[in-house]
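One structure is given here, and the rest of the page talks about it.
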Amino acid sequence: MSQSKDMGPVLLLPESILRLTGPGPRILELCDGSRTLADVVSALQSEFSDADPELIRREVLAFLTALLERRALDFA
Amino acid sequence: MTYTPHALIAEVTHRCPLRCVYCSNPVEMRSRSSELSTAEWKRVFSEAADLGALQLHLTGGEPLARADTEQLVMAGRAAGLYVNLITSGIGLAEPRLEALVSAGLDHIQLSFQDSEQLYADEIAGTRAHAAKLELAGRIRKHRVAFTMNIVVHRRNLARLPEMIALAEELQVSRLEVANVQYYGWAFENRSRLLPTREQVRDTIAIVDAARERLKGHMRIDCVLPDYYARYPKACMGGWGQGLILVDPAGVVLPCHAARVIPGLHFDDVRSKPLRWIWEESAAFQRFRGDEWMQEPCRSCERKTRDFGGCRCQAFLYTADAAATDPVCSLSPKRSLIDAVIANAPATDGDDQPPHWVYRINPTNVPTPELR
């Protein structure tokens, strides 16, 4: 993850740059190699306690699956 | 409108142990004695980062032909850049691989010429395939992102399934199946490299099936030959709009091939700041935006998507770098591309190696006459 002067937070991949919006940067910050998927989801559920917890779970899963398919991350 | 070069392509040398028939280097290469020093590259990396660059692609020639590649990786990281090494891997022994990874290398792109040694070595003009296989096994043991790149063309596309299987066997996380782009040495060999229409159709089907099967394990990026396309590629994301290339001698270009266009003066980092070259130099402004466009581009609704295609290709075929890219079906010169397709052999069934023009290494002797 990096900070771009004109695009804001970005994730740098081998041949591309992904612009991160909304909770994207926060989700990736939590993916620190020690938290499990469940840890990441519950951390976000408590940070955004007025949002629907099930919606948060689904959106985090969709976001990380998309990144997995781009081979930008791994589930250990 | 302001433009930011998000990636710096650093062509750190034109020297290379391989002689690939589709090398993207210009036919007129830079000699070793003209190459930028380590200190000069370091300055270029920080100037690029100041301009907003996020990524550094170390390429060549073979970037490992320089003795200071590890220092260049370190300098790129120190400037805050994501560092990618684009390499043939030849001669990359374990201690040096370790040093590159400890210097902070983020990603290695290792090139392969084929899945079969005999054909791979024919294309590379030297014995290289076995060394690449051995190196790939070592790379994946390191904590560094790893892409396998295979350049495809008429003579190897029959083995695309085997090439994908090789990538699986080597456990790479990303595979690039890149059709040759016809510039530099590849332009000299274009009639021998251009795939048939059937091969292009098969490629799409094979890659789609492999993507589905390997989802979540391996990402496959695929580049198709633009000669068969209806519309041109958005070359480099537009001239001087998002990418900046510095050649071995420090000359700053909007792409690998731009030096073929006559009448443009490209400035160099020894005499001008990178920011001035990007923002103010005439060459970088020449094809920015759409003021320079002719019809049919000028009134085309696609002009903000593909920027009229590639300026170098326009020049190579029409002798006018401001013309519509001739691969475009709307170009009045499209027949020039159709003629190349019509003149290429209709099948891939030739077992004899064609009469290749091999890339030469830079020397201080003038380039021999080609064609």
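In what follows, chains are A, B, ... by sequence order, proteins preceding strands, each numbered from 1. Because only heavy atoms are used, hydrogens play no part in the values below, and waters and symmetry mates are left out as well, while side chains stay in. These numbers come from a predicted model, not from an experiment.
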Exercise. Does any heavy atom of chain A fall under 4.5 Å from the side chain of B:N84, the backbone, both, or neither of them?
Worked result: side chain
Seminar exercise, completed: Applying a strict 4.5 Å limit to non-hydrogen atoms, the region of A:S4 in contact with chain B is both
Exercise. Using non-hydrogen atoms only, which part of B:H217 is less than 4.5 Å away from chain A: side chain, backbone, both, or neither?
Worked result: backbone
Problem set entry | Salt bridge present between B:D50 and B:R275 (N-O < 4.0 angstrom) | no
Problem set entry | Heavy-atom pairs under 4.5 Å with chain B, option from A:V10, A:L12, A:L68 with the top count | A:L12
Seminar exercise, completed: Under 4.5 Å to a heavy atom of chain B? For A:L67 that would be neither
Exercise. Salt bridge between A:E69 and A:R71, side-chain N to carboxylate O under 4.0 Å?
Worked result: no
Exercise. Thinking salt bridges, do B:R213 and B:E168 make one under a 4.0 Å N-O criterion?
Worked result: yes
Exercise. Is any NZ, NE, NH1 or NH2 atom of the basic residue among A:R26 and A:E47 found under 4.0 Å from an Asp or Glu carboxylate oxygen of the other?
Worked result: yes
For this session: State whether B:R96 and B:E70 are salt-bridged, where the test is any N-O pair (Lys NZ or Arg NE/NH1/NH2 against Asp/Glu carboxylate O) under 4.0 Å.
Result: yes
